[in-house]
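None of the values given here were measured: they were computed from a predicted structure. In this chain, residues are counted from 1 in sequence order.
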Amino acid sequence: MPIDALRQAQGCGDVESVGTAPEPTGAAKDRNIQITLSTSAAPSHIRNMTYTDPRSYLYQPGLLDPDAAQRITRDALKACDDGELYLQYSATESFGFDDGRLKMADYSTGSGFGLRGVSGEMTGFSHANDMSEAAIRRAGETLKLLDPAKEQPAPPPRQNNRHLYTDGNPLEMIPFAQKVALCQQIDAAARARDPRVAQVSVSLSGSWTVVEVVRADGFVATDVRPLVRLNVSIVAQDGDRRETGTYGFGGRYLYDKLFEDHEWEHAIDEALAQALTNLRSVAAPAGEMTVLLGPGWPGVLLHEAVGHGLEGDFNRKGSSAFSGKIGQRVAAPGVTVVDDGTMMNRRGSLSIDDEGTPTQENVLIEDGILRAYMQDRMNARLMGVAPTGNGRRESYAHAPMPRMTNTFMRSGNDDPAELLSRVKNGIFAKSFGGGQVDIVSGKFVFSCTEAYLVKDGKLGDPIKGATLIGDGPTALNKVIGLGNDMALDDGIGVCGKGGQSVPAGVGQPTTLVSALTVGGTAG
């Protein structure tokens, strides 16, 4: 997945909300802003109800009901090994506040279905934004092109009553004007922090999604998914020099946390500290050297350079650097990598994946030994293993594939300060921005957004223009120290693969790597 997507996700991304679109405030109307509203909001039969069953957004009288959905699915998939009818309703909103003004407010809703049939290694998939019995029957005609299944149908996922997040709709809880006012308040507070603040950008986004998985064997699973995010970006200026700092946070909860003073003030402090640090940065050195990676967000390097190579589809096809290595050492002793979709309220968590399989904790690498891959249903069946709850899709218009949820490296036993003291000549990489990764080989190039020189165990000047170059499998074997401070990112990640984007989480402890190539501009 392009790492740019993860960092850029802190900006004004898509989000979701339900009900009729809010009117902009008078103040907003007077601004030179872009306001986009989609009016395909809640179905008319539920628009004025005090309490709404989330499934009512999927089933509308005269168009589709639950019995018809099961009947059509059973008929469409009768000659298939596996497959499902995936129903989805989503509402999204986002706000962009820049240069002291509301520049963008976007609200949209949408619904549709995806009908997938699997026969052997062949997949038939049709989708439409027409949630009607007639449309689904037409889509089912395309599945007749598949060869009839030669095996018994795959068994259904196990049932699951676990709820990892609220089913409340964050977009209905707080009025439009209060969301704009929060952006204004953050902008004013950030500018008051330091006279060197030249520009402030604030983005606020939220979404609410209802999904239902209907299978031919009678299995039905429903999930209601909230998601919110706040990001602050600050440009600091000293003379002719300008530098940027960013910070964002979010998760699968309501807007309440984002509106707490100490939360958004912390976001300002972190973004400003990074911008001011970068104002005094010097040119980065170049060459192979020891690298100390910070906890939390730097786990995005693990996600990119290692995580994708542990997804089932690449390994079934033999195209991953980790293919065929189950039970073999692929990392240094002490390195344990986990993908866990069951963490409460986390951005990458799901009660069920997009095939209806409950998510779970998957230990992928244990003490340096490769133990498992992440699997969706099709790749698991073809590889003779159980699905792991990693079948994910961007929307009803996409077929599922193996994807990460919250992927991280577990803590070690080292004191982070002691790890720093071991670095004689190297850098400390605290935060990352954009980068490129070859999923097959794990080769990567990552740019640091905040990094420091380290000399004789002491932090030195911050550096600018540093890039880390290497490959995931080699880097895993060069880990020589793991801190006792594992942290997850603050809830900003977006993972891209095969043209699809999904929310994801990353994390790691402070990690000492004996040697990586550092690209820099120092002479």
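Applying the ring-ring contact (aromatic ring centres under 6.0 Å, His included) test to His398 and every residue at least two apart in sequence or in another chain returns nothing. Annotation: side-chain contact (heavy atoms from CB on, under 4.5 Å) contacts of Gln159 (sequence neighbours excluded): Phe219. Shown here are the side-chain contact (heavy atoms from CB on, under 4.5 Å) partners of Ala128, two or more places apart in sequence or in another chain: Phe113. Every residue was checked against the salt bridge (Lys or Arg N to Asp or Glu O under 4.0 Å) condition with Asp471, not counting sequence neighbours, and none meets it. Qualifying side chain to side chain donor-acceptor pair (under 3.5 Å) partners for Thr510, counting only residues two or more places apart in sequence or in other chains: Asp485. Every residue meeting the salt bridge (Lys or Arg N to Asp or Glu O under 4.0 Å) condition with Glu141, not counting sequence neighbours, appears here in chain and number order: Lys144.
The cationic group of Arg225 does not satisfy the cation-pi geometry with Tyr165, failing either the under 6.0 Å distance to the six-membered ring centre or the 45° limit from the ring axis.
A salt bridge does not link Glu311 with Arg392: none of the charged nitrogens is closer than 4.0 Å to a carboxylate oxygen. Comment: Arg377 engages Asp82 in a salt bridge, judged by a side-chain N to carboxylate O separation of less than 4.0 angstrom. Under the 4.0 Å criterion applied to side-chain N and carboxylate O atoms, Arg215 and Asp217 are assigned as salt-bridge partners.
Considering Gln375, Arg403, Lys497, His308 as possible partners of Asp313, the one that fulfils the side chain to side chain donor-acceptor pair (under 3.5 Å) test is Lys497.
Tyr57 has its ring centre less than 6.0 Å from the ring centre of Trp208.
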Requested in this report: Begin from the C-alpha positions of Arg393 and Glu84 and carry the test salt bridge (charged side-chain N to carboxylate O under 4.0 Å, His left out) through to its verdict.
Outcome: CA-CA 13 Å; Arg393 65 181 96 201; Glu84 72 285 312; 3.2 Å; yes

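With values rounded to the nearest 0.5 angstrom, Leu302 atom CG is found 10.5 Å from Phe408 atom CZ.
The shortest side-chain heavy-atom distance between Leu164 and Arg252 does not fall under the 4.5 Å cut-off.
Under 3.5 Å, the side chains of Tyr86 and Glu355 contain no donor-acceptor pair of N or O atoms. No side-chain N or O of Thr359 forms a donor-acceptor pair with one of Thr342 less than 3.5 Å apart.
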